[in-house]
Amino acid sequence: MSSVSVKSALAGSAGEGAVVTVKGWVRTRRDSKAGISFVQVNDGSCQGNVQLVVPATLANYTSEVLHLTAGCAIEADGTLVRSQGQGQAFEIQASAVRLIGGVDDPETYPIQPKAHSYEFLREVAHLRPRTNTFGAVTRVRHTIAQAIHRFFDQNGFYWVNTPIITASDCEGAGQLFRVSTLDLANLPRSDSGEIDFAQDFFGKEAYLTVSGQLAVEAYCLALSKVYTFGPTFRAENSNTPRHLAEFWMIEPEIAFADLNDDASLAEALLKSVFKDVLDRCGEDLKFFDDRVLKGVIARLEQMVANDFVRLEYGDAIKALEKSGKSFEFPVHWGADLQTEHERWLTEEHVGRPVVVMNYPEQIKAFYMRLNDDGKTVAAMDVLAPGIGEIIGGSQREERLDYLDKRMIQFGLEPHAYQWYRDFRRYGSVPHAGFGLGFERLVAYVTGMSNIRDVIPYPRTPGNAAF
RNA sequence: UCCCGGAUAGCUCAGCGGUAGAGCAAGUGACUGUUAAUCACUGGGUCGCAGGUUCGAUCCCUGCUCCGGGAGCCA
C-alpha cells in the first residue's frame, strides 16, 4: 500500500484498482442512507479534493466517520476506482478511515465550506491556507518564485543575498525600521544628551533594508549579471491594497548595459514568468479566472504575446496633454506621472504594457544616470493595464563626478557613501537594473485585488499578528 | 496621513426609538452514490467600546477602536 497525494489520486496515477493511502483534511461530508458517506479530502497538492466513499460497515463508522467535519485530519486506506458519480474521474473506495486530528468545536471552526470574506480570513491568517483561494495563491506564488529563479539561472545571473540589516542611513527614499538592542527605557546618552549609538549592537545606527540595490551593484561590477530576491521593509504609513511594510523584492543588476538593455530584461523576465505560470498552474489559474477575476488568463496570454511599447517620458506628456481628458492632477513636463496618468497611458493610449523612459532628473533618485540633454535621467517604469507600475528601474550613474554632483544636489554627503563611490573609482562601467515587487506580481497573476492576500502573513501599519 | 463608507448569531447580511431576523454553518432526524446534496426540527446574539439625548437606544448625537474603498508615498 502506498501513500499518494490527492493530486495523484485524482489523476489515477497509481492505476485503477491500486490500494492506496491518502492523508489530508476533510472539506465536506455527505451521508447517504444507502449505507455510505462521501468525504471530500484535500491535502494542498492541488485545487481539487479526492472523494472517499466510506461504507457504513467500517468499525468506526458511527463513532467517528459520521462526525467528521470540515478541518478534521484523517488518513484513509482504500482502492482507487473510477467514480460512478459526476465531478471526478477517480475516487477511493475506503477500507479504513483513521481520525488523526479532530476539530474541537465544529461550530466555531472558522473555515467553513462557504464563501468567506477576505477581510475575515485575514483575521484568521493562520487558518486561511486551508481555503481554496489561499491554497491556490500559495501554489502560484511558489511557481512564480521558482520561475524567477529559473529565468535568471538560465540567463547566466547569480542570486546575491544582500543584507537585511543595513547601516546605510539613506539607501534611497523610504522610511526605515530601526534595528537596535538598546534598552528603550534607559537609553545611553552622550555628554551632549544625544542617544549614544556607539553602545548599540553594531556600534552605530542600523536599520532594516529598503532595497538591496546599492549592495548588489558591487556584485554586478564583478559577476556582471546578478539579482537579489529577498525581504524588504518600508516603515511608511501606507494603508492601501498595494503596500506592505514587509514584502519581497526582486532586483536584477546588469553590467555593460544601458537603459534599453534594462527595459529588454524587464520585458523578457515578465514574459518568461507569465509563460511558466500559464504552463504549470492551469488548474489554479482557471480557479482565479472563474472565481476571483474574469479574464486573468487572457491578460497573461496577451502580455506574453505582445511586445511592450517603449515611450519617451516627453512623448507621454505630449500624449497626455493631447488626450482631451480632464485629469485631477494637471499634466506638464517636469511633473511625475500620477496613477490616473499611468492608467490612461497603458489602458487607453497604448492598450498594452508600456515602458516609459527618460524622466526629468529632478523627480528621480540620485543614483540614476544623467542623460546628455542634461535635463533627464535614464529611468524607466513598466506600466501594465489593470495594475499600473509594476517595475521601476534605471541606468546607474557610473561617472564619479556626475554622481557626486547629484548627491550634493539631493542633500547627501558623498563621503558617507565612500564604498558606493569606490565602484566608480575602480573599473566603473555602465550598468543598470530595476526593482520588481514580488507580491504585486503575484497579485497581477492571480487577479487578487489586495496585496495582503498574496503573502502568508501580511505586515501593515498596526498589524503584525501571527 | 487625508477623504468617504462600515462594525447586528461561528460566517454573509437584512432590520428597527419600545432590548432582534434570514441564509449558510453546527446539533438531531428523514432521504438507496452524493457533488458547497436536499428536506424538517433544535440550540445559538451584553446589535464594536465609552459617554450623551430620551420615559426608553442596537437604532439619534459625540468621542474612541478596528475594518474596507479612494488618494498620497512607492515595489
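Labels below follow one simple rule: chain letters A, B, ... track the order of the sequence lines, proteins then strands, and each chain is numbered from 1. Because the structure is a prediction, the values reported are computed rather than measured. The analysis underlying the following values was restricted to heavy atoms, covering all of them including side chains, and did not include hydrogens, waters or symmetry mates.
S117(A) comes within 4.0 angstrom of the backbone, heavy atoms only, and of no base. Using a 4.0 Å heavy-atom cutoff across all strands shown, F38(A) reaches at least one base atom of the nucleic acid. Using a 4.0 Å heavy-atom cutoff across all strands shown, Q88(A) reaches at least one base atom of the nucleic acid. Within the nucleic acid shown, R27(A) has no heavy atom closer than 4.0 Å to any nucleic acid atom. No contact: G87(A) has no heavy atom under 4.0 Å from any strand. Residue contacts for Q112(A): at a heavy-atom cut-off of 4.0 Å it reaches a base atom on one of the strands shown. Within 4.0 Å of E91(A), counting heavy atoms only, lies at least one base atom of the nucleic acid. Within the nucleic acid shown, S238(A) comes within 4.0 Å of at least one base atom, counting heavy atoms only. Among the protein residues, Q40(A) comes within range of the nucleic acid bases, having at least one heavy atom under 4.0 Å from a base atom. Across all strands shown, I390(A) has heavy atoms under 4.0 Å from sugar-phosphate atoms exclusively, and none from any base.
Residue S32(A) has no polar side-chain atom (N or O) positioned under 4.0 Å from OP1 or OP2 of rU34(B). Distances shown here put a side-chain N or O of N450(A) below 4.0 Å from the OP1 or OP2 atom of rG69(B). Listed pair R452(A) / rG68(B) meets the phosphate criterion, a side-chain N or O lying under 4.0 Å from OP1 or OP2.
Across rU32(B), rC73(B), rC11(B), the shortest atom-to-atom separation from the side chain of H243(A) is found for rC73(B).
The C1' atoms of rA25(B) and rA36(B) are separated by 11 Å, rounded to the nearest whole Å.
By the 6.0 Å and 45° rule, R299(A) stacks over the aromatic ring of Y444(A).
Judged purely by atom type and a 3.5 angstrom limit, R310(A) has no side-chain atom pairing as donor or acceptor with the backbone of V356(A).
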